[in-house]
There are 2 protein chains.
Amino acid sequence: MINKKNNIFAYLISNMFTQSEENYLKAIYHLELVSTKGISTNAIAKKIETKASSVTDMVKKLSDKKVVVYKKYKGVKLTSLGKKTAANIVRKHRLWEVFLVEKLNFSWDEVHEVAEQLEHIKSPKLINQLDAFLDFPKQDPHGDPIPDKEGNLKTIEKSLLATLHKNEIGICVGVNDSSSEFLQFLDKQGITIGQEIKVLDKEDFDNSLSIEIDQKELSISSKIANNLYIQKK
Amino acid sequence: MINKKNNIFAYLISNMFTQSEENYLKAIYHLELVSTKGISTNAIAKKIETKASSVTDMVKKLSDKKVVVYKKYKGVKLTSLGKKTAANIVRKHRLWEVFLVEKLNFSWDEVHEVAEQLEHIKSPKLINQLDAFLDFPKQDPHGDPIPDKEGNLKTIEKSLLATLHKNEIGICVGVNDSSSEFLQFLDKQGITIGQEIKVLDKEDFDNSLSIEIDQKELSISSKIANNLYIQKK
DNA sequence: AATTACTTTTAGATAAGGCTAAAAATATAT
DNA sequence: ATATATTTTTAGCCTTATCTAAAAGTAATT
């Protein structure tokens with residue numbers, strides 16, 4: 001029961017960002033991690049599953065709020081305020097994912113949808129206490145790094161499984177695709193974060209790999225190998 | 001990043017109730033606990049801190065969705081579907097309050113605002129697991145009962161402290177006013193749920209009470225005594 | 001029974017966030 | 001360099017949830 005005029009809390013949160021604005025900021029943040037250029041309207045539209053015209057509108061609003069720099073036809077870039085804001089949303093998302101897996105027995109393929117909602121809850125105390133309650137985790141259940149309070153993100157060194165050569169060994173440290181289909185597939189194959197993987201053979205024909213996990217041999221497609229991050233041993 | 005067309009989850013939640021609709025349902029639910037008659041437009045408007053005209057609009061929408069019965073100028077009543085839906089929101093609110101106090105070290109005067117947001121998170125699994133994680137609590141931090149999954153609410157027998165007579169003893173089981181001001185006042189006086197309270201004297205003049213808690217004597221106003229629930233011993 | 005007061009509803013407006021279709025700008029290809 | 005294709009923006013419309021002001025209904029009072 002939130003009222004903009006009489007409720008101080010509601011006033012404070014109304015002065016921040018709407019759920020929709022937060023989703024745009026997060027999308028731009030993720031896109032900036034891959035490309036260094038200005039993020040195009042179409043790229044955002046695709047990511048957020050909306051229309052380019054809606055993106056243009058929102059991007060103007062975000063520009064007014066000083067979280068992005070926007071030049072017509074030239075795409076957008078997050079300002080430092082924008083980066084910090086977006087990182088904070090990602091921080092919340094990933095901390096909630098840890099909570100769901102560690103405390104509520106969710107599996108790693110079930111957490112995304114719920115975290116997508118929980119990330120918008122406004123309460124600094126909540127997220128700080130949650131962080132402490134979870135013992136200050138550094139990665140989410142998919143191996144993605146959790147930004148710290150200042151929005152700094154410590155990326156660990158990782159390579160795609162597909163880049164390993166024959167007889168090399170790696171430890172699974174993350175996934176590139178975190179769709180529930182892919183994650184469930186990994187579960188079925190017994191592949192989890194921390195799992196040791198040895199490349200037994202590489203097939204030139206289709207780039208599929210023959211790998212060893214837990215003393216078992218397994219053949220995986222190139223698509224799989226390009227969505228699994230490992231740390232070389 | 002929710003999209004109505006391609007995301008099954010979003011589709012499901014969009015088929016349910018908006019945050020605003022949920023707030024109206026909750027308000028009507030709370031009002032029905034006190035009055036048995038149809039709930040008036042003005043009563044809802046006051047509770048939700050909005051205008052009567054807005055209430056009329058929303059009430060029509062809720063009526064279309066079969067969660068209230070609405071007759072022009074005659075107020076509304078929740079249908080059984082409406083009751084169940086509202087009870088579920090209250091259940092979520094109170095479970096989250098328990099979580100915040102028990103696990104994240106919030107005090108009982110800080111939980112309401114945050115629970116007000118968390119109660120709108122859509123995920124049956126989340127709330128069931130949270131319930132189990134908290135060991136199936138029956139009351140929230142203010143002593144209010146938590147509805148079960150079917151929306152049934154077990155009200156405990158309780159009376160206002162103001163109804164106790166001289167030399168009677170009660171155990172504090174809840175509060176009527178759960179504003180942070182009142183709760184902080186109680187903290188300051190050392191009054192918590194479970195606290196034993198003995199009425200030493202009643203002052204006819206202003207209906208104030210002299211009470212004993214933890215071997216200490218204390219004078220409290222009638223206003224306080226009318227906002228504290230106790231169970232007679 | 002008539003007047004006044006209060007409550008509720010209606011009508012019309014606004015703001016946020018989305019859409020489609022058309023126009024404008026930029027990029028690509030001949 | 002011109003024509004074509006693609007991207008982006010604009011313009012106008014829709015829905016949700018609000019609001020204000022006016023109209024209509026109900027209740028209270030003389």
Side-chain angles (χ1 to χ4, degrees), chain A residues 1-7 10-11 13-28 31 35 37-65 67-77 116 120 122, chain B residues 1-7 10-11 13-28 31 35 37-65 67-77 116-117 120:
Chain A
M1 309 204 185
I2 276 173
N3 170 277
K4 278 163 197 155
K5 284 168 203 148
N6 305 322
N7 183 313
Y11 171 76
I13 73 170
S14 71
N15 258 13
M16 295 166 60
F17 298 96
T18 65
Q19 223 157 290
S20 186
E21 287 168 345
E22 290 192 346
N23 284 336
Y24 276 89
L25 284 173
K26 199 174 45 145
I28 299 166
L31 289 166
S35 104
K37 294 168 288 175
I39 305 303
S40 76
T41 302
N42 258 3
I44 299 168
K46 196 179 170 189
K47 185 108 190 168
I48 261 178
E49 298 183 84
T50 187
K51 301 293 164 179
S53 55
S54 306
V55 174
T56 302
D57 284 351
M58 181 57 90
V59 141
K60 284 176 184 166
K61 219 170 65 166
L62 293 175
S63 176
D64 291 345
K65 291 198 172 185
V67 279
V68 302
V69 175
Y70 167 59
K71 286 253 175 70
K72 269 192 195 179
Y73 298 101
K74 300 294 172 193
V76 290
K77 277 190 180 184
E116 207 73 1
H120 299 294
K122 264 89 171 175
Chain B
M1 310 206 183
I2 277 174
N3 170 276
K4 278 163 198 155
K5 283 167 203 148
N6 304 323
N7 184 314
Y11 171 76
I13 73 171
S14 71
N15 259 12
M16 295 166 61
F17 299 96
T18 66
Q19 224 158 288
S20 186
E21 287 168 344
E22 290 192 346
N23 284 336
Y24 276 88
L25 284 173
K26 199 174 44 147
I28 299 166
L31 290 166
S35 104
K37 294 169 289 178
I39 304 304
S40 77
T41 302
N42 258 2
I44 299 169
K46 196 178 170 189
K47 184 107 191 170
I48 260 179
E49 299 183 84
T50 187
K51 301 292 165 180
S53 56
S54 306
V55 174
T56 302
D57 283 351
M58 182 57 90
V59 141
K60 284 177 185 166
K61 220 170 63 164
L62 294 174
S63 176
D64 291 345
K65 290 198 172 188
V67 280
V68 302
V69 176
Y70 167 58
K71 287 253 174 68
K72 268 192 196 178
Y73 298 102
K74 300 294 171 193
V76 290
K77 277 191 179 183
E116 207 74 0
Q117 298 177 67
H120 300 294

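In what follows, chains are A, B, ... by sequence order, proteins preceding strands, each numbered from 1.
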Taking the side chain of [X] as heavy atoms from C-beta outward, which of [options] is closest to it?
X	options	answer
B:Thr50	C:dT8, D:dT9, D:dT18	D:dT18
A:Asn42	D:dT8, D:dT18, C:dG18	D:dT8
B:Lys51	D:dC19, D:dT18, C:dT9	D:dC19

B/S/- along nucleotides 11-16 of chain C (protein heavy atoms under 4.0 Å) is -----S
Can you name the side chain to side chain contact (heavy atoms under 4.5 Å, CB included) partners of [X], sequence neighbours left out?
X	result
B:Lys60	B:Thr56, B:Tyr70
B:Ser54	B:Tyr24, B:Thr50, B:Lys51
A:Glu21	A:Phe17, A:Thr18, A:Met58, A:Lys61, A:Leu62, A:Lys65
B:Ser40	B:Asn42, B:Ala43

Let me confirm one number: the CD-CD distance from B:Gln19 to A:Gln19, rounded to the nearest 0.5 Å.
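If we round to the nearest 0.5 Å, B:Gln19:CD and A:Gln19:CD are 6.5 Å apart.
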Working to the nearest 0.5 Å, report the span between NE2 of A:His120 and NZ of A:Lys26.
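Nearest 0.5 Å value for the NE2-NZ distance: 5.5 Å.
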Whole angstrom is fine here: how far is it from [atom1] in [X] over to [atom2] in [N]?
X	N	atom1	atom2	value
A:Ile39	D:dT8	CD1	P	11 Å
B:Lys71	C:dT7	NZ	C1'	19 Å
B:Lys46	C:dC6	NZ	C1'	15 Å
A:Glu49	C:dG18	CD	P	13 Å
A:Lys60	D:dT8	NZ	P	14 Å
B:Asn23	D:dT16	CG	P	17 Å

Please report the shortest heavy-atom distance between B:Ile28 and B:Val76, naming the atom on each side.
CD1-CG2, 4.0 Å
Between A:Thr41 and A:Ala52, the two heavy atoms sitting closest are CG2-O, 3.4 Å
It should be established whether A:Ser20 places a side-chain nitrogen or oxygen under 4.0 Å from OP1 or OP2 of nucleotide C:dG18.
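So the side-chain polar atoms of A:Ser20 do come within 4.0 Å of the phosphate oxygens OP1 or OP2 of C:dG18, strictly under.
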Are A:Tyr70 and D:dT9 close enough that a side-chain N or O sits under 4.0 Å from OP1 or OP2?
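Yes, such a contact exists.
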Mind checking B:Thr56 for me? I need base, sugar-phosphate or nothing, with any heavy atom below 4.0 Å counting as a touch.
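Base contact.
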Classify A:Ser54 by what it touches in the nucleic acid, base, sugar-phosphate, or nothing, heavy-atom distance under 4.0 Å.
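A:Ser54: base contact, heavy atoms under 4.0 Å.
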Side chain to side chain contact (heavy atoms under 4.5 Å, CB included) between A:Ile44 and A:Leu31: does it pass, once the steps are laid out?
CA-CA 8 Å; A:Ile44 299 168; A:Leu31 289 166; 4.0 Å; yes
Between protein and nucleic acid, restricted to nucleotides 24-29 of chain D and to nitrogen or oxygen atoms under 3.5 Å apart, what atom pairs and distances do you find?
{"from": "D:dG25", "atom 1": "O4'", "to": "B:Tyr73", "atom 2": "OH", "distance (Å)": "3.2"}

